[in-house]
Asks: 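Before we start, here is the structure in question, set down as structure tokens.
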Amino acid sequence: MLRNICRYQRQFGQVIWPFSFPQGHHGPNLSTQLQKAKYSSALTERKKFYENVSISQGEGGVFEINLDKRKLKTPGGKLFTVPNEALAIAVATEWDVQKDTLKFYTMHLTTLCNTALDNPTQRTEEQIISAALKFLDTDTICYRVEEPPGLVELQRNEWDPVMNWIEQRYNVVIGSSSNIMGPQIPEETKDTFRQHLNSYNFWALTGLEYVITQLKSLVLSFGLIDRHLSVEQAVLLSRLEEEFQIQHWGNVESAHDYDMYELRARTAAGAMFVYLSSESTAVKRKILQD
Amino acid sequence: MAAISVFRGILKEIRIAKGSDYKQTLIYKYVLEQFRRNQVTGAQLCRARKEALHAAQTYGCLLSSTRLHLRLHQLYHARGECRTDQAAGLVGLRLPTQPGGKGWET
């Protein structure tokens, strides 16, 4: 079925289809199929058909991407527009650095914009917020092991500070647990987070959901978005158990490093997307007062 | 100062990606302008500056991780199926040899 879609797109292909579906909630099967197809066949890559990439401002102050003379469109057929110049430049750069073949699986910002524009699963902001809060129940940081003691200590030393930070910053109680049921998150905690998330616009929420799905943790995602953690730190904390095992058993570049860089790239893209979707630049001039 | 190294990191990535005419790219001009703009501040703890620095670090991480991920992908995962001895060679092992030939071979 996938190959027929590829053929259809090539035949009628004025529309450009970056093949990375969003990490959404429309079932694991389609995305894992796509994952396998992405990495195994040349059909998911297109030849580079343009020389120059530029941006231009369109109606309503939105920015568009131009590949040579043609305007970029989303997979859904809409005109690809972004709300500000910084995001437009970042997306244009993703297209600009492609060589010979277009590797859509490296164009994370483009994929996120496409998701936000097309919204293929028709999600509303409330749905995204509810899904994010539900994730808190299965947050990585909250699940602690009881053995081996090295890992227990590592989790305590590395995850507890982040937990303390978020509890203080948002004035909530989350806690952690080592049994299979997980922590009991009080309703007030979720309400506080819900209020906070309500201040994000749809694009920023799309990005945040992506980060949460990648890091498998709401706590770490907040840490990253609130600039308490860097991307490398957040990824390290998310993969803490794996890093522990790597130190014990050794590193396999083709698997461990590969996964780590991919996770870093996706998380960084999600974080950039959130920053750029909620940015507002203002220059304040201060008047010196005697 | 952390800002300089972050800036250099981003520039390095842009240079690797674009080659010699990296100074003409939109991204180079934008990043340069952002770093210049955030230099001028009277405040000791300028929040906007810290935010901009974090954003720059994140973007630098994005550029370098996509490049390294792609490199590892080309190295290990892009070649389709390979023979058993090639696969063994990837992790530094060799296939065992049996001097008399294997039992089922003539």
Side-chain angles (χ1 to χ4, degrees), chain A residues 38-42 45 53-55 85-86 88-90 92-94 96-99 103 105-109 224-232 234-235 252-276 279 281-284 286 288, chain B residues 2 6 9-10 13-19 21-22 24-34 37-38 40-43 46-81 87 90-92:
Chain A
K38 266 189 320 209
Y39 285 92
S40 63
S41 117
E45 296 184 351
V53 183
S54 59
I55 62 171
E85 189 186 14
I89 295 181
T93 310
E94 281 189 343
D96 204 14
V97 301
Q98 300 295 320
K99 302 178 168 50
K103 299 184 167 46
Y105 48 87
T106 58
M107 302 200 272
H108 302 295
L109 288 173
L224 177 60
I225 300 296
D226 287 343
R227 301 176 168 91
H228 176 70
L229 300 166
S230 69
V231 176
E232 292 89 343
V235 167
V252 176
E253 196 183 32
S254 59
H256 294 133
D257 283 352
Y258 183 78
D259 284 344
M260 182 187 76
Y261 287 126
E262 182 177 24
L263 187 58
R264 274 194 191 172
R266 286 170 182 250
T267 312
M272 279 316 294
F273 193 75
V274 175
Y275 299 149
L276 294 174
E279 83 164 3
T281 50
V283 177
K284 280 204 255 213
K286 293 206 275 208
L288 289 172
Chain B
V6 170
I10 298 183
E13 290 296 328
I14 300 177
R15 239 188 5 245
I16 294 177
K18 286 304 291 173
D21 57 344
Y22 70 98
Q24 265 70 47
T25 54
L26 284 169
I27 185 67
Y28 173 75
K29 293 177 190 156
Y30 183 79
V31 170
L32 198 59
E33 194 209 324
Q34 288 302 303
R37 257 215 281 175
N38 280 298
V40 185
T41 170
C46 178
R47 205 184 100 179
R49 194 175 183 185
K50 279 179 25 177
E51 288 181 357
L53 185 60
H54 191 270
Q57 263 179 330
T58 309
Y59 189 63
C61 180
L62 172 61
L63 291 177
S64 63
S65 337
T66 36
R67 177 176 63 89
L68 291 166
H69 172 242
L70 187 62
R71 187 174 129 232
L72 286 182
H73 181 70
Q74 310 281 39
L75 196 51
Y76 292 111
H77 296 267
R79 299 224 193 113
E81 295 220 357
L90 276 180
V91 287

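So you know, we letter chains A, B, ... as the sequences are listed, proteins then strands, and number each from 1.
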Asks: Give, for atom OG1 of B/Thr66 and atom NZ of A/Lys103, the distance between the pair rounded to the nearest 0.5 Å.
Replies: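 Here the rounded value is 12.5 Å.
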Asks: Give me the atom names and distance for the closest heavy-atom approach of B/His54 to A/Leu224.
Replies: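 So the minimum-distance heavy-atom pair works out to CE1-O, 3.6 Å.
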Asks: What's the shortest heavy-atom distance between A/Val97 and B/Ala17, and which atoms?
Replies: CG1-CB, 3.5 Å
Asks: Would you say A/Tyr261 and B/Leu70 make side-chain contact, with heavy atoms under 4.5 Å?
Replies: no
Asks: Measure the NE2-OG1 distance between B/His69 and A/Thr106 for me, rounded to the nearest 0.5 Å.
Replies: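 The OG1 atom of A/Thr106 is 9.0 Å from NE2 of B/His69, to the nearest 0.5 Å.
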Asks: Measure across B/Cys61 and A/Val231 and return the closest heavy-atom pair with its distance rounded to 0.1 Å.
Replies: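 In terms of heavy atoms, the two residues are closest at SG-CG1, 3.7 Å.
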Asks: Supply the atom-to-atom distance B/Leu62 CG to A/Arg266 CZ, rounded to the nearest 0.5 angstrom.
Replies: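 So the gap between those two atoms works out to 12.0 Å.
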Asks: Which bit of B/Thr25 is near chain A, if near means a heavy-atom gap under 4.5 Å: side chain, backbone, both or neither?
Replies: side chain
Asks: Can you check whether B/Tyr76 reaches A/Asp257 side chain to side chain, under 4.5 Å on heavy atoms?
Replies: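 Contact flag for B/Tyr76/A/Asp257 side chains = no.
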Asks: Quick one: which of A/Val53, A/Asp259, A/Asp96, A/Ile55 has the most heavy-atom pairs under 4.5 Å with chain B, could you say?
Replies: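 Looking at each of A/Val53, A/Asp259, A/Asp96, A/Ile55 in turn, A/Asp96 comes out on top.
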Asks: Tell me yes or no: between the side chains of B/Glu51 and A/Tyr275, is some donor less than 3.5 Å from an acceptor?
Replies: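 Checked: B/Glu51/A/Tyr275 side chains show no N/O donor-acceptor pair below 3.5 Å.
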Asks: Search all heavy atoms of B/Ser65 against all heavy atoms of A/Arg264 and return the closest pair with its distance.
Replies: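 Closest heavy-atom pair between B/Ser65 and A/Arg264: OG-CB, 3.5 Å.
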Asks: For A/Leu109, is it the side chain, the backbone, both or neither that has a heavy atom under 4.5 Å from a heavy atom of chain B?
Replies: side chain
Asks: With a 4.5 angstrom heavy-atom cut-off, which part of A/Leu229 approaches chain B: side chain, backbone, both or neither?
Replies: backbone
Asks: Which bit of A/Ser254 is near chain B, if near means a heavy-atom gap under 4.5 Å: side chain, backbone, both or neither?
Replies: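 Both backbone and side chain.
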Asks: Side chain from CB out, backbone as N, CA, C, O: work out which of these in A/Gln98 comes under 4.5 Å of a heavy atom of chain B, or both, or neither.
Replies: neither
Asks: Where on B/Ile27 is there a heavy atom nearer than 4.5 Å to chain A: the side chain, the backbone, both, or neither?
Replies: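 Both parts, backbone and side chain.
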Asks: So which atom in B/Ile16 and which in A/Lys99 form the shortest heavy-atom distance, rounded to 0.1 Å?
Replies: O-NZ, 4.4 Å
Asks: How long is the straight-line distance from OG1 of A/Thr93 back to CD of B/Glu13, given to the nearest 0.5 Å?
Replies: 12.5 Å
Asks: Rounded to the nearest 0.5 Å, how far does CZ of A/Arg227 lie from CD of B/Gln57?
Replies: 11.0 Å
